[in-house]
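Read through the structure below, which is laid out as C-alpha cells, and then see the notes.
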Number of protein chains: 2
Amino acid sequence: MFTLAEENYLKAIFHLENDYGTGVSTNAIADKMDTRASSATDMIQKLADKKVISYQKYKGASLTKKGKSIAVNIIRKHRLWEVFLVEKLDFQWDEVHEIAEQLEHIKSDELIQRLDLFLGNPDFDPHGDPIPDKNGYIKPTEKKLLSKLKKNQQGICVGVKESSAKFLQYLDTRKIGIGSSIKVIDKEDFDQSMTIQVSNKQFFITKQISENLYLKTI
Amino acid sequence: MFTLAEENYLKAIFHLENDYGTGVSTNAIADKMDTRASSATDMIQKLADKKVISYQKYKGASLTKKGKSIAVNIIRKHRLWEVFLVEKLDFQWDEVHEIAEQLEHIKSDELIQRLDLFLGNPDFDPHGDPIPDKNGYIKPTEKKLLSKLKKNQQGICVGVKESSAKFLQYLDTRKIGIGSSIKVIDKEDFDQSMTIQVSNKQFFITKQISENLYLKTI
DNA sequence: TTTATTTTTTAGGCTTGTCTAAATTTTAAG
DNA sequence: CTTAAAATTTAGACAAGCCTAAAAAATAAA
C-alpha cells in the first residue's frame with residue numbers, strides 16, 4: 001500500500017515523463033511537488049526501494065511498470081471524480097481540480113468501478129483529458145497545441161494543457177470550451193501571438209494561451 | 001485546519017459522549033481508536049491546546065462547542081456519502097462504512113452542500129442514523145432498543161446501533177432491514193433472548209442482537 | 001486507612017515526510 | 001583541461017503520531 005505522499009510523487013513523475021520524456025530530474029520532481037530537492041531525493045530513494053521507479057544516483061528517475069500502473073490508476077480516479085463533480089453535482093470545470101486531488105486517493109476498487117458505471121463509462125474528463133480504463137490503457141488521442149497551427153488552419157478544442165482555475169476562467173470569458181471551433185486568423189512571427197476566431201468573434205491571444213489549448217484539426 | 005488523526009479522535013469522542021454521557025476517559029478513547037492510552041493522552045493534550053476539547057489531567061475529556069461542531073460535520077459527511085454509495089452506486093448497506101470513513105475527510109463545504117442537494121436532502125443514512133443539517137442540528141428521533149421491549153410489544157426497525165458488516169449481513173439473512181416490522185413473541189428472563197416475528201416468520205435472537213436494533217414502537 | 005490495583009501520564013524512541021546547510025557529483029565555461 | 005556553476009545527495013533536525021516502559025495519581029479492597 002502506498003501513502004498519500006508516495007502516490008502524489010508517482011503521479012508527478014508520470015506527468016513529467018509524459019510531458020518531457022523519460023528520466024526525470026530530481027529538481028523537476030521537487031519543482032512539481034513544490035518541495036525541496038533534498039526532500040525529493042529522500043522520496044525518490046524510498047520509491048526506488050519499493051521498485052516503483054528505477055533510479056541511479058545523479059541520473060534521474062523513471063517509473064517502472066508497476067509504478068506507472070499505480071500512477072495511471074490515480075489519474076483514472078482523479079478524472080472520473082472530475083466527471084462526477086461536473087456532470088452530477090454541477091460544478092464548473094475550473095472548480096473541480098482541488099477536490100479531485102483529494103478524492104483520487106480514496107482506496108476502493110469497487111467504488112471506482114461503480115462510479116465509472118454510474119457516469120456511463122466516460123472517455124474524457126471535463127478538461128478533455130482521456131480517462132484510462134481499468135487496465136490502465138489510455139486511448140491515444142491525436143491532438144495538437146493551438147500554438148502549432150499556422151495561419152488559416154482551424155480545429156475543434158478537445159482539451160487544455162494547463163487546468164488552473166485562472167486559465168479556465170479566462171477561457172470562459174472568451175467562450176472557449178471543449179468543442180469550440182477555433183480558427184487562426186493571423187499569427188505574429190515575432191512573439192507567436194495570434195488572432196483567432198471563435199464562433200464569429202475574433203480576438204487576440206498570447207503564446208501563453210495558444211500553448212495550453214489542444215485542438216483536433218479538421 | 002485539522003489533521004486526519006485529529007478529526008478521527010474528535011469523532012470518537014463525540015460518539016463516546018453520545019453513548020455514555022459527557023466526560024470521556026482516556027482508556028475509552030484509546031479503545032475506540034484502537035491505540036494505546038499513551039497515544040490517546042498525547043492527542044488529548046493536543047486537542048485541548050487547540051480548544052476543541054476541555055480536559056483536566058486524570059479527569060477525562062469532553063468536546064467544546066467548537067469541537068462538537070467539527071465532529072458533527074464529519075458525521076454529516078460520513079452519512080451523506082453513505083447515502084450516495086447506497087442510493088446512487090448500488091452498494092449494499094454493509095459495504096459502505098469503510099469507504100465513507102475515507103470520504104468523510106474530504107475538505108470542501110461546497111462539495112457537501114451540492115452532494116446533499118443531489119441526494120435530495122436525505123434525513124437518514126442507510127443504517128437509519130440521522131444526518132445532521134449544515135448547522136449541525138440533529139433531529140431528535142425517538143427510538144428504542146429492541147431489547148427494551150416486552151413480550152407482545154412491536155415496532156418498526158428504524159436503525160442499527162452496531163453497523164459492522166457482519167452484523168448487517170446477519171440481519172440480511174433474517175430479512176431484517178430499515179422499515180421491517182418486528183414483534184416480540186416471547187422473551188426469556190434469564191438471558192434476555194427473544195423469539196421475534198418478522199413478516200410471518202418467527203425466530204430466535206440473542207440479547208446481542210436485540211441490543212443493537214432500534215425500533216420505533218407503535 | 002493503608003495497601004493493592006487500575007488508570008493515566010510522562011519519558012524516551014521510532015517512522016514519515018519535511019527542512020537547512022554542507023558535501024559531492026555533474027555539467028558548462030573559459 | 002581545469003575551474004566555476006549548477007544539480008544532486010548526505011547529514012542532522014524537527015513535527016506528527018504512534019509505541020513501550022516506567023512513574024504518578026486515582027480508585028478499590030482489605
Side-chain angles (χ1 to χ4, degrees), chain A residues 1-14 16-17 19-63 67 70-71 74 101-102 104-105 107, chain B residues 1-14 16-17 19-63 67 70-71 74 101-102 104-105 107:
Chain A
M1 202 50 49
F2 290 83
T3 66
L4 185 67
E6 289 168 346
E7 288 192 351
N8 282 330
Y9 271 93
L10 287 174
K11 192 174 47 134
I13 295 167
F14 177 86
L16 289 168
E17 286 202 272
D19 291 355
Y20 307 111
T22 200
V24 187
S25 75
T26 301
N27 267 357
I29 295 171
D31 245 53
K32 190 97 172 178
M33 293 301 297
D34 199 23
T35 186
R36 298 304 180 145
S38 56
S39 307
T41 299
D42 286 348
M43 183 57 89
I44 288 166
Q45 287 168 344
K46 199 173 137 198
L47 293 175
D49 287 348
K50 291 197 170 192
K51 315 268 188 212
V52 287
I53 64 178
S54 56
Y55 163 67
Q56 282 174 276
K57 270 196 202 176
Y58 298 101
K59 302 289 181 187
S62 46
L63 294 178
I70 293 164
I74 296 165
E101 287 284 305
Q102 298 178 62
E104 72 189 5
H105 300 289
K107 282 165 183 60
Chain B
M1 202 49 50
F2 290 82
T3 66
L4 186 67
E6 289 167 346
E7 288 191 351
N8 282 329
Y9 271 92
L10 288 174
K11 191 173 48 134
I13 296 168
F14 177 86
L16 289 169
E17 286 202 271
D19 290 355
Y20 308 111
T22 200
V24 188
S25 75
T26 301
N27 267 358
I29 295 171
D31 245 53
K32 189 97 174 178
M33 293 300 297
D34 201 22
T35 186
R36 299 303 181 146
S38 56
S39 307
T41 299
D42 285 349
M43 184 56 89
I44 287 167
Q45 287 169 344
K46 202 174 134 198
L47 293 174
D49 287 347
K50 291 196 170 191
K51 315 269 189 212
V52 287
I53 64 177
S54 57
Y55 163 66
Q56 283 175 275
K57 270 194 199 179
Y58 297 102
K59 302 290 181 186
S62 46
L63 294 177
I70 294 164
I74 296 164
E101 287 283 306
Q102 299 178 62
E104 72 189 5
H105 300 289
K107 282 166 183 58

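First the proteins, then the strands, lettered A, B, ... as listed; each starts at 1.
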Exercise. Which sits closer to the 5' end of DNA chain C, A:Lys57 or A:Leu4, going by the nucleotide each is nearest to?
Worked result: A:Leu4

Exercise. For A:Asp34 and C:dT18, what is the distance between atoms CG and P respectively, to the nearest whole Å?
Worked result: 11 Å

Problem set entry | Phosphate contact (C:dT8 OP1 or OP2) by B:Asn27 side-chain N/O below 4.0 Å | yes

Problem set entry | Presence of B:Tyr9 side-chain N/O under 4.0 Å of D:dC18 phosphate oxygens OP1/OP2 | yes

Exercise. Is the shortest side-chain N/O distance from B:Arg36 to OP1 or OP2 of D:dT20 below 4.0 Å?
Worked result: yes

For this session: Identify which nucleotide among C:dT16, D:dA16, C:dT9 has an atom closest to any side-chain atom of A:Thr3, counting heavy atoms from C-beta outward.
Result: C:dT16

Problem set entry | Sugar-phosphate only, base, or nothing, as touched by B:Thr35 at under 4.0 Å among non-hydrogen atoms | sugar-phosphate

Exercise. Do any side-chain nitrogens or oxygens of B:Ser38 fall under 4.0 Å of OP1 or OP2 in C:dA11?
Worked result: no

Exercise. Hey, does B:Thr26 reach any base, or is it just sugar-phosphate, or nothing, if we go heavy atoms under 4.0 Å?
Worked result: sugar-phosphate

Exercise. Rounded to whole angstroms, how far apart are NZ on A:Lys59 and P on C:dT24?
Worked result: 18 Å

Exercise. Taking OH from A:Tyr58 and P from D:dT8, how many angstroms apart are they, rounded to a whole number?
Worked result: 10 Å

Seminar exercise, completed: With the side chain defined as heavy atoms from C-beta on, B:Ala37 is closest, among C:dT26, D:dC18, C:dT8, to C:dT8

Exercise. Which listed nucleotide (C:dC19, C:dT7, D:dT9) is nearest to the side chain of A:Gln45?
Worked result: D:dT9

